[in-house]
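Below is one structure, written out as structure tokens, with a few remarks after it.
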Amino acid sequence: MTDTVSNAKTIKGRTGDWEIVMGLEIHAQVASRAKLFSGAAVGFGAGPNEQVSLVDAGFPGMLPTLNKHCVEQAVKTGLGLRAQINKRSQFDRKNYFYPDLPTGYQISQLYYPIVGEGVVEVEAEDGSFFNVGIERLHLEQDAGKLIHDLSPTESYVDLNRAGTALMEIVSRPDLRTPEEAVAYVKKIRTILIYLGTCDGDMEKGNLRADVNVSVCRAGNYDKFKQTGDFGYLGTRCEIKNVNSFRFISQAIQYEARRQIEILEDGGSIVQETRLFDPTKGETRSMRSKEEAQDYRYFPDPDLLPLDLEQAWIDDIKASLPELPDDKRKRLMADYGLSQYDAIVLISEQAKADYFEAAAKGRDAKLVSNWVTNEVSARLAAEGKDFAENPLPAAHVAQLVELIETNVISSKIAKEVFDHVWNGEGSPAEVVEKHGLKQVTDTGAIEKAVDEIIAANPDKAAAVAEKPQAIGWFVGQVMKATGGKANPAAVNDILKSKLGL
């Protein structure tokens, strides 16, 4: 048994060191109200076969009509990935039989995709960055869905998804660890959500990944990068339709271990398509890996080549929103945030927008802490996304203002936040209602200090030899004042009284 696959790019096996090499194909459902080649509605939650046109159902004589909005979304995504937009592209028929593919072929783009090469900068867990090359992005239609658990003897077909527009984003084999693969998918998902071209909902299958995994001897990947010769890489296996970050990591770890064990036992890897079983944490064979010729691709005779005007592409480019990388750099420059804080904030567009709404005129670092810690934790505990945040950004801004102006301490602020989150009003209203204003009257604090020192002369005497013992007195004063005393004033008065 080989070692558990970790974040290291080299894995120790019984017979030497190995490397994992991965490329991903991300399938992202285009954010559109209609399908790629028909006017049928797109949406989650409809009854079986309620969103199916005659085109989607493959009725004879029905001709596809290209949805211009889906083309625009693909171009927008390509621009967001810093990729080449191909002004001429072509749709092809990928022929294969499957019960949920009524026409017996899928309309896709093999030879001339709408988007060519690009590059994505990805943040690693340690704060460093690495680039992943994009080979292509093409448009294609999704298949339907087979349902096997309604009958012991029959399978049912739901064609609601049939014909739905997908963008397939194909990466270069630039990914080396499970963590890098997950970080890459997260980055692609974030970019798509910022662009508004896909909602990124993995639970509904609107974004899923096919993971191509291979292993090779340590050092061979560098030789591949230097020469471009794929012979240095091992035979790859494709793990289909993985729809969560955790499953992507688990599938890669299992598959890499499986391949290494086969090779170290003297076997060879068969190129095939596999499925990941999350219950068992294993991949299993699905079918032998087909090549392009097996699908008998040919240009779709019902669809002319797609020619795009440069002026139209330029208009789409001008309409792009601020993308994650640009927003990260701006938050660091405009608000003085660390790279780490900026990366956490931009991970969700709604979170970054919320931060900026709350940070105007306030201590940006303090606002960032409240947004990424307290607010995010409460939302996570309630199973909500940041876009579902019920707390107005103005409340966080006001809470930070109360801390900055010494009306409340940071400790009291947490109590105030609890009341505000529970709908008791704004921070200022809660402070007034519950009498939580910080005690800044040095006379009142001094009185409390004198009483505690007088009641504990032995501890007071010990502070001279052990200065850190002052912490006990700070705690007693805060307790005596109900946690409302200004901590800085308490420390200053205690040091003066205790001769420190």
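For this chain, numbers begin at 1 and follow the sequence in order. From a predicted model like this one, the values you see are computed outputs, not experimental measurements.
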Test of understanding: with ring-ring contact (aromatic ring centres under 6.0 Å, His included), list the residues that count as partners of Tyr96, not counting sequence neighbours.
Tyr295
Less than 4.5 Å apart, side chain to side chain, heavy atoms only: is that true for Val211 and Leu175?
no
Side-chain donor or acceptor of Arg236 paired with backbone N/O of Asn212 under 3.5 Å
no
By salt bridge (Lys or Arg N to Asp or Glu O under 4.0 Å) - contacts of Asp100 (at least two apart)
none
Close side-chain approach of Asn160 to Val52, heavy-atom, < 4.5 Å
yes
NZ of Lys365 to OG of Ser338, rounded to nearest 0.5 Å, is 5.0 Å
Distance check, rounded to the nearest 0.5 Å: Leu207 atom CG versus Met167 atom CE?
8.5 Å
Side chain Arg176, main chain Ile20, donor-acceptor under 3.5 Å
yes
Give a yes or no on whether Lys145 atom NZ has more than 12 heavy-atom contacts from other residues, nucleotides or ligands under 6.0 Å away.
no
Just by distance, do the side chain of Asn86 and the backbone of Ser89 share a donor-acceptor pair under 3.5 Å?
no
More than 12 foreign heavy atoms under 6.0 Å from CD of Glu309: is that the case here?
no
Whether Glu272 and Arg274 form a salt bridge (side-chain N of Lys/Arg under 4.0 Å from carboxylate O of Asp/Glu) is what I want to check.
yes
Measure the spacing between OG1 of Thr177 and CD of Glu179 and express it to the nearest 0.5 Å.
4.5 Å
Might you confirm whether atom CG of Leu320 has over 12 heavy atoms from other residues, nucleotides or ligands at distances under 6.0 Å?
yes
Strictly by salt bridge (Lys or Arg N to Asp or Glu O under 4.0 Å), give each pair with a member in residues 103-119 just once, sequence neighbours left out.
Glu117-Arg172
What closest approach, in Å, do Ala364 and Leu337 show between heavy atoms, and which atom pair accounts for it?
O-CD2, 4.0 Å
Taking every heavy atom of Pro178 against every heavy atom of Gln253, the minimum-distance pair comes out as CG-CG, 3.8 Å
Sorted by chain and residue number, the side chain to side chain donor-acceptor pair (under 3.5 Å) partners of Glu123 (sequence neighbours excluded) come out as Lys187
Return each pair, listed once, that meets side chain to side chain donor-acceptor pair (under 3.5 Å) where at least one residue sits in residues 43-52; pairs must be two or more places apart or across chains.
none
Closest non-hydrogen contact found for Ile248 with Ala209 is CD1-CB, 4.3 Å
Taking the side chain as everything from C-beta on, heavy atoms only, tell me whether Met202 gets closer than 4.5 Å to Phe247.
no
So do the side chains of Val115 and Leu81 get within less than 4.5 Å of each other, counting heavy atoms only?
no
Say you draw a straight line from CD of Glu135 to OG of Ser171; how long is it, rounded to the nearest 0.5 Å?
8.0 Å
Determine the minimum heavy-atom distance between Thr372 and Ser376, stating which atoms define it.
O-CB, 3.3 Å
Is the side chain of Gln106 donor-acceptor paired with the backbone N or O of Glu140 at a distance under 3.5 Å, no angle test?
no
For residues 346-353, which side-chain N or O atoms pair as donor and acceptor with protein atoms under 3.5 Å away, sequence neighbours left out?
{"unit_1": "Ser347", "atom_1": "OG", "unit_2": "Val344", "atom_2": "O", "d": "2.7"}
{"unit_1": "Glu348", "atom_1": "OE1", "unit_2": "Phe386", "atom_2": "N", "d": "3.4"}

Taking side chain as C-beta onward, heavy atoms only, is Glu19 less than 4.5 Å from Phe224?
no
Lys35 side chain to Ala162 main-chain N or O, any donor-acceptor pair under 3.5 Å?
yes
Any residue meeting salt bridge (Lys or Arg N to Asp or Glu O under 4.0 Å) with Lys87, in chain and number order, not counting sequence neighbours
none
Does atom NZ of Lys360 have more than 12 heavy-atom neighbours, drawn from other residues, nucleotides or ligands, at distances under 6.0 Å?
no
Residue pair Trp421 / Glu382, side-chain heavy-atom distance below 4.5 Å:
yes
For Arg88, all residues meeting salt bridge (Lys or Arg N to Asp or Glu O under 4.0 Å), sequence neighbours excluded
Asp307
Verify the neighbour count for atom CD of Glu388: are there more than 12 heavy atoms of other residues, nucleotides or ligands below 6.0 Å?
yes
Any pair counted as ring-ring contact (aromatic ring centres under 6.0 Å, His included), so long as it reaches residues 169-217, sequence neighbours left out
none
Gln73 and Thr197: side chain donor to acceptor below 3.5 Å
no
Show your reasoning for whether side chain to side chain contact (heavy atoms under 4.5 Å, CB included) applies to Arg258 and Glu282.
CA-CA 9 Å; Arg258 185 189 74 87; Glu282 300 174 353; over 6 Å; no
Which label fits Phe37 and Phe91: parallel for a plane angle under 30°, tilted from 30 to 60°, or perpendicular past 60°?
perpendicular
Evaluate the side chain to side chain donor-acceptor pair (under 3.5 Å) criterion for residues Asp92 and Gln90: first the C-alpha distance (whole Å), next the side-chain angles of each, then the deciding distance (0.1 Å), finally the verdict.
CA-CA 7 Å; Asp92 305 295; Gln90 173 183 293; 2.9 Å; yes
Salt bridge (Lys or Arg N to Asp or Glu O under 4.0 Å) against Lys225, all qualifying residues, sequence neighbours excluded:
Asp174
Under a 3.5 Å distance rule, please check whether Asp126 uses its side chain to pair with a backbone N or O of Ser128 as donor and acceptor.
yes
Which distance, rounded to the nearest 0.5 Å, do you find between the CG of Asp210 and the CG of Asn241?
5.5 Å
What residues form a side chain to side chain donor-acceptor pair (under 3.5 Å) with Arg217, not counting sequence neighbours?
Thr15
State whether Lys9 and Glu180 are salt-bridged, where the test is any N-O pair (Lys NZ or Arg NE/NH1/NH2 against Asp/Glu carboxylate O) under 4.0 Å.
yes
For Phe59, does the CZ atom sit with more than 12 other heavy atoms under 6.0 Å from it, leaving out its own atoms?
no
Around atom OH of Tyr98, are there more than 12 heavy atoms from other residues, nucleotides or ligands closer than 6.0 Å?
no
Applying side chain to side chain donor-acceptor pair (under 3.5 Å), can you list everything that pairs with Arg93, at least two apart in sequence or on another chain?
Tyr105, Asp300, Asp302
Could you check whether atom OH of Tyr112 has more than 12 heavy atoms from other residues, nucleotides or ligands sitting under 6.0 Å from it?
no
Verify the ring-centre separation between Tyr221 and Tyr232: is it less than 6.0 angstrom?
no
What's the separation between atom CD1 in Ile114 and atom CG in Leu139, rounded to the nearest 0.5 Å?
5.0 Å
Salt-bridge test for Arg14 and Asp265: reply yes if a basic N is under 4.0 Å from a carboxylate O, no otherwise.
yes
Search all heavy atoms of Pro324 against all heavy atoms of Thr190 and return the closest pair with its distance.
CG-CG2, 3.7 Å
Under 4.5 Å between any side-chain heavy atoms of Ile260 and Arg257, yes or no?
no
Spell out, as yes or no, whether a donor-acceptor pair under 3.5 Å connects the side chain of His27 to the backbone of Gly205.
no
Would you check if there is a donor-acceptor pair between the side chains of Glu264 and Trp18 at a distance under 3.5 Å?
yes
Gln259 and Ser214: which non-hydrogen atoms are nearest, and at how many Å?
OE1-CA, 3.5 Å
Within the 4.5 Å heavy-atom criterion, are Val119 and Asn131 side-chain neighbours or not?
yes
